[in-house]
Amino acid sequence: MQRIGVFVCWCGTNIAGTVDVKAVAEALSHEPGVVFSTDYQYMCSQAGQDIIKNAIHEHKLTGVVVCSCSPRMHETTFRKTVAAAGLNPYMLEIANIREQCSWVHKEMPTGTAKAIILGKAAVAKVNLNAPLTPGETPVTKRALVIGGGIAGIQTALDIADAGFKVDIVEKQPTIGGKMAQLDKTFPTLDCAACILTPKMVDAGQHENIKIYSYSEVTDVKGFVGNFDVTIKKKARYVREDLCTGCGLCTEKCPQKKVPNEFNLGMDNRRAIYIPFAQAVPKIATIDPNWCTMLKTGKCGVCSKVCTAGAIDYNAKDEYIEEKYGAIVVATGYNPISMDQFDEFAYSQSKDVITSLELERLMNAAGPTGGTLLRPSDGEHPHTIVLVQCVGSRCSECGKGKEYCSKICCMYTAKHAMLIRDKYPDTEVYVFYIDVRTPGKNFDEFYRRAVEEYGVHYIKGMVGKVSPEGKKLKVQASDLLDNKQLHIDADLVVLAAAIEPDKSARPLATMLTASMDTNDFFTEAHPKLRPVESPTAGVFLSGTCQGPKDIPETVSQAGAAASKVIGLLVKDKLTGNPCVAHSDELMCNGCSSCEKVCPYGAITYIDKEFRMPDRTTRIRRVASVNPAVCQGCGACTVACPSGAMDLMGFKNSQIMAEVDAICK
């Protein structure tokens with residue numbers, strides 16, 4: 001029997017408001033093995049930790065139960081406390097009487113009774129606990145950044161500047177992401193390319209950064225400090241080591257009518273192309289879906305004009321296997337599809353466009369050379385309607401997103417100002433639900449659009465857009481004046497909601513990372529660990545974690561990089577000793593545990609056993625790699641023979657908790 005000390009925390013009124021902490025301490029003092037029980041206002045404070053340390057020495061405790069908030073918050077703190085007092089840190093158990101008790105009950109008798117039950121379960125488990133010793137694993141001092149937008153670029157640069165090798169995997173032929181498609185940035189109206197291009201060049205030339213463009217991650221195995229990653233490098237049909245980026249092949253290719261995805265299909269490119277002038281790496285790529293040579297074997301113009309001899313029609317996809325100590329997810333976002341919003345006539349008229357399409361129309365490198373022209377006929381639009389929150393905050397319609405996309409109010413104000421500044425004869429109307437500008441100089445920026453540039457902001461929703469001849473009939477409501485409006489517009493711009501990139505969900509499966517219902521990656525803790533995934537060694541950067549603007553993205557990228565650097569500077573990592581263990585005498589070699597293990601920690605070996613009659617027999621049994629096992633417990637549930645158990649959470653310990661609860 002252990003000598004257990006019980007310490008009940010008030011957590012101010014978080015717990016004490018609906019739990020009689022003194023009654024809990026008194027009730028638990030009579031449990032088997034408990035030799036000391038007390039309560040204190042803030043057990044996680046230095047004074048509270050000193051109470052625990054002193055009690056361990058004074059009462060010769062061999063086990064500790066802390067009744068407080070979630071172990072996710074303070075388990076590490078209390079483990080360090082008991083270890084400092086000479087006790088094995090895994091002889092500690094935390095009963096969560098805040099989140100699981102006081103916060104879900106309003107009446108003190110109910111909360112107190114439940115807190116006592118939770119405490120009894122924790123005491124029962126500690127009585128069966130045994131000291132555990134964590135192992136150590138080496139750290140691979142190399143980082144992987146998945147995504148080459150501004151978030152991925154900034155993260156990679158910060159890690160590389162600290163002296164560590166970094167690989168960027170980008171699915172497009174060039175890094176740059178969505179920011180490369182923008183014209184100006186708010187609230188300073190800086191040229192997006194002028195800010196981004198130097199970063200792209202720095203990443204391309206940095207001695208510690210390797211860029212895998214036109215590539216994707218296909219498999220991830222391993223664990224924090226030791227990830228094994230497979231990268232699929234898609235065939236460009238152009239040799240990267242020979243291509244000089246001169247662009248001659250892109251000028252001579254006879255296939256001219258390929259929709260240009262960089263300009264969102266508003267103009268055409270050729271079958272061999274470089275996405276934009278500042279691309280990094282500046283290497284041509286052949287689109288196999290449009291190349292006549294690859295489809296029919298007839299053409300070869302690009303090969304004939306390439307003086308460097310870089311064209312290789314026989315190129316194949318290449319698979320690269322690399323080891324990494326840390327992985328940063330920076331997969332970015334996309335505007336949602338407008339196909340479901342027929343009321344805005346997006347699919348009916350070329351003159352109904354998204355905000356990102358407007359960015360390309362206003363960009364000097366865009367399809368119109370920076371001149372704002374109506375897509376349908378190339379004429380200058382004189383009346384423009386900007387519609388806010390298309391697909392954002394759309395909980396009732398069932399076809400959009402319930403969340404606010406955060407950046408739309410500001411970029412709409414930017415668009416309105418840029419249009420009015422360049423084309424003073426153009427009337428600009430903005431229909432909005434609310435104007436949200438909670439950033440530095442953001443509200444001032446919005447007020448400039450209204451007061452200085454004369455943009456018409458109307459609180460209300462656009463109900464319908466109907467193409468009639470060259471005009472777009474806009475029907476809308478003005479909620480402040482309580483009237484219906486009818487505007488004949490030349491151009492309608494939809495501020496489309498943003499959503500995570502489609503690659504996020506399969507990537508999260510590979511990384512065993514958590515996601516929310518909107519497919520944004522979930523952080524380990526929204527306040528205390530905002531750039532860490534619950535999966536150790538996986539970090540989050542940029543809009544893969546939630547909507548954010550460029551300054552916030554760059555800030556988070558730096559934060560993620562600092563976490564990665566803090567991991568990579570270590571030579572070894574202390575492992576979690578709460579790992580699976582197989583009882584070889586009970587194992588029947590069925591492979592059930594191996595099939596459910598998400599980390600690949602279980603393999604099967606042939607082992608020789610001596611039988612009672614002194615003969616030997618070879619049996620197939622499960623073997624667990626403790627360095628790879630993350631202690632998820634899936635194998636213990638799947639094992640039909642009960643041979644698989646989890647150290648620190650053995651079946652006997654769990655059943656003891658159940659028995660204590662059911663008494």
Side-chain angles (χ1 to χ4, degrees), residues 145 147-161 166 168 170 172-206 209 211 213 262-264 274-282 328 330-335 355-366 369-370 405-419 421-422 437 439-442 444-446 448-449 498 501 541-545 547-562:
V145 176
I150 183 59
I153 292 170
Q154 187 63 55
T155 303
L157 284 171
D158 289 347
I159 297 171
D161 286 342
V166 188
I168 300 176
E170 168 57 47
Q172 299 298 330
T174 173
I175 60 174
K178 288 293 184 294
M179 189 175 175
Q181 295 176 286
L182 305 183
D183 181 36
K184 300 288 192 296
T185 62
F186 61 78
T188 55
L189 297 181
D190 293 80
C191 168
C194 300
I195 303 171
L196 178 65
T197 301
K199 295 281 187 184
M200 294 169 60
V201 173
D202 288 348
Q205 296 180 348
H206 204 293
I209 295 178
I211 299 174
S213 58
F262 187 75
N263 283 333
L264 306 174
I274 297 174
F276 55 96
Q278 305 97 324
V280 175
K282 194 172 184 182
V328 180
T331 48
Y333 73 93
N334 279 310
S355 296
L356 192 56
E357 290 170 340
L358 179 64
E359 289 279 355
R360 297 312 302 155
L361 288 176
M362 299 181 69
N363 194 301
S405 293
K406 198 172 187 176
I407 58 175
C408 313
C409 288
M410 289 301 295
Y411 72 57
T412 297
K414 175 191 72 173
H415 291 156
M417 291 168 65
L418 291 173
I419 293 169
D421 182 60
K422 194 171 183 179
T437 56
K440 184 178 181 181
N441 296 323
F442 281 15
E444 295 86 341
F445 185 80
Y446 151 67
R448 280 181 61 199
I498 64 173
D501 189 82
S541 180
T543 51
C544 72
Q545 184 253 342
K548 49 182 65 70
D549 58 23
I550 293 171
E552 192 177 355
T553 294
V554 173
S555 297
Q556 189 180 21
S562 69

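Not measured: the values here are computed from a predicted model. All residue numbers refer to positions in the sequence shown, counting from 1.
With a 4.5 Å cut-off on side-chain heavy atoms, Val145 and Ile209 do not count as touching.
Glu552 is linked by a side chain to side chain contact (heavy atoms under 4.5 Å, CB included) to Lys406, Lys548, Asp549, counting only residues two or more places apart in sequence or in another chain. Remark: Phe262 engages Phe276 in a ring-ring contact (aromatic ring centres under 6.0 Å, His included) (not counting sequence neighbours). Listed by chain and number, the residues in a side-chain hydrogen bond (donor to acceptor under 3.5 Å, both in side chains) with Gln278 amount to none (sequence neighbours excluded). Qualifying side chain to side chain contact (heavy atoms under 4.5 Å, CB included) partners for Gln154, counting only residues two or more places apart in sequence or in other chains: Asp158, Lys199, Val554, Ala557. The side-chain hydrogen bond (donor to acceptor under 3.5 Å, both in side chains) test applied to Asp190 returns Thr188, not counting sequence neighbours. Residues meeting the side chain to side chain contact (heavy atoms under 4.5 Å, CB included) test with Ser213, sequence neighbours left out: Ile211, Arg236, Pro281. Considering only residues two or more places apart in sequence or on other chains, Asp202 meets the side-chain hydrogen bond (donor to acceptor under 3.5 Å, both in side chains) condition with none of them. Partners of Asp501 under the side-chain hydrogen bond (donor to acceptor under 3.5 Å, both in side chains) rule, at least two apart in sequence or in another chain, are Lys171, Asn334, Ser503. Listed by chain and number, the residues in a side chain to side chain contact (heavy atoms under 4.5 Å, CB included) with Gln205 are Val201 (sequence neighbours excluded).
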Could you go through residues 356-365 and list every donor-acceptor pair under 3.5 Å that involves a side-chain atom there, pairing it with any protein atom two or more places apart or in another chain?
unit_1	atom_1	unit_2	atom_2	d
Glu357	OE1	Thr354	N	2.8
Glu357	OE2	Tyr346	OH	2.8
Glu359	OE1	Asp183	N	2.8
Glu359	OE2	Lys414	NZ	2.3
Glu359	OE2	His415	NE2	2.8
Arg360	NE	Asn263	OD1	2.8
Arg360	NH1	Gln181	O	2.9
Arg360	NH2	Asn263	OD1	3.0
Asn363	OD1	Ala365	N	2.8
Asn363	ND2	Leu182	O	3.0

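A distance of 5.5 Å separates CD1 in Ile175 from CD1 in Ile168, rounded to the nearest 0.5 Å. Put simply, NZ on Lys178 and CD1 on Ile407 are 10.5 Å apart, with the number rounded to the nearest 0.5 Å.
Only one option out of Tyr446, Phe442, Tyr411 pairs with Phe186 in a ring pair (Phe, Tyr, Trp, His ring centres under 6.0 Å); it is Phe442.
Nearest approach of Thr155 to Ala561, heavy atoms of both residues: O-CB, 3.7 Å.
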